[in-house]
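All residue numbers refer to positions in the sequence shown, counting from 1. Please read these numbers as outputs of a predicted model, since none were measured by experiment.
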Amino acid sequence: MRNLSFVTKMILLAIVATYINACDKDEDVITYDLTGNWKVVSFENYESSAITTKTEDNTWTQFNNGDITVSFDESDLTSGIISGVNVTNSFSGDYMVDSKGAISINNVIWTKINEPEWGRLFHSIENAETFELKNGSLRIFYDNKKNIITLERI
């Protein structure tokens, strides 16, 4: 009887360990270190369920390959410089973050060359409120999380 109890306990322990290990692998890893170089892959509007991605119709591929590229350079743990190219224009400004995902982007200076729709959409970055890094994508939320700019590392 005593051996049966020991075997039962070992089986139960193995099941619990397997369950815990399986849960760890399925969880999304969220971090808040956004320093580095990024490229915009989409703009999403939750209210209308619209997702805008780069196409031949909304950008000009002869300029910056039609991409919006962004660099976040950290000055200290909570602030830094944001800069980049939104297809035909360059921009630079300041950003501040906290460890809970809040972000503010201020003092952005843009060049004023004509730009395609894809580049104009990026001006919404100045409305950023929160962000998250999840599964390798940087998602910047604005308008009370009704809109998202999604970027990937380059």
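- At least one side-chain heavy atom of Trp38 sits less than 4.5 Å from a side-chain heavy atom of Arg153.
- Counting only distance, with no hydrogens or angles, the side chain of Thr111 and the backbone of Ile113 share no donor-acceptor pair below 3.5 Å.
- Separating the CG atom in Asp33 from the CD atom in Glu74 is a distance of 6.0 Å, to the nearest 0.5 Å.
- In terms of heavy atoms, Tyr142 sits closest to Ile148 at CE2-N, 4.1 Å.
- The backbone N or O of Ser48 lies less than 3.5 Å from a partner atom in the side chain of Asn45, making a donor-acceptor pair.
- Ring geometry for Phe91 versus Phe122: interplanar angle of 30 to 60°, hence tilted.
- Annotation: the span from Lys54 atom NZ to Thr59 atom OG1 amounts to 6.5 Å, rounded to 0.5 Å.
- Side chain of Ser92 to main chain of Ser83: no donor-acceptor pair is present (N/O by atom type, distance under 3.5 Å, no hydrogens or angles).
- Once rounded to the nearest 0.5 Å, the distance linking CD1 of Ile109 with CG of Asn89 reads 13.0 Å.
- A donor-acceptor pair under 3.5 Å is formed between the side chain of Glu129 and the backbone N or O of Asn144.
- Atoms CD1 and OG1, from Ile82 and Thr35 in turn, are 12.5 Å apart once rounded to the nearest 0.5 Å.
- Counting heavy atoms from C-beta outward, Trp118 and Thr52 have side chains that approach closer than 4.5 Å.
- In summary, Arg120 and Glu115 do not engage in a salt bridge, as defined by a charged side-chain N under 4.0 Å from a carboxylate O.
- Within the model, atoms OH of Tyr95 and CG of Asp73 stand 7.0 Å from one another, a figure rounded to the nearest 0.5 Å.
- Although no hydrogens or angles enter the test, the distance criterion places no donor-acceptor pair under 3.5 Å between the side chain of Asp67 and the main chain of Thr69.
- More than 12 heavy atoms of other residues, nucleotides or ligands shown are found within 6.0 angstrom of CD on Gln62.
- Phe131 is not listed as a side-chain neighbour of Ile105, based on a closest heavy-atom distance of 4.5 Å or more.
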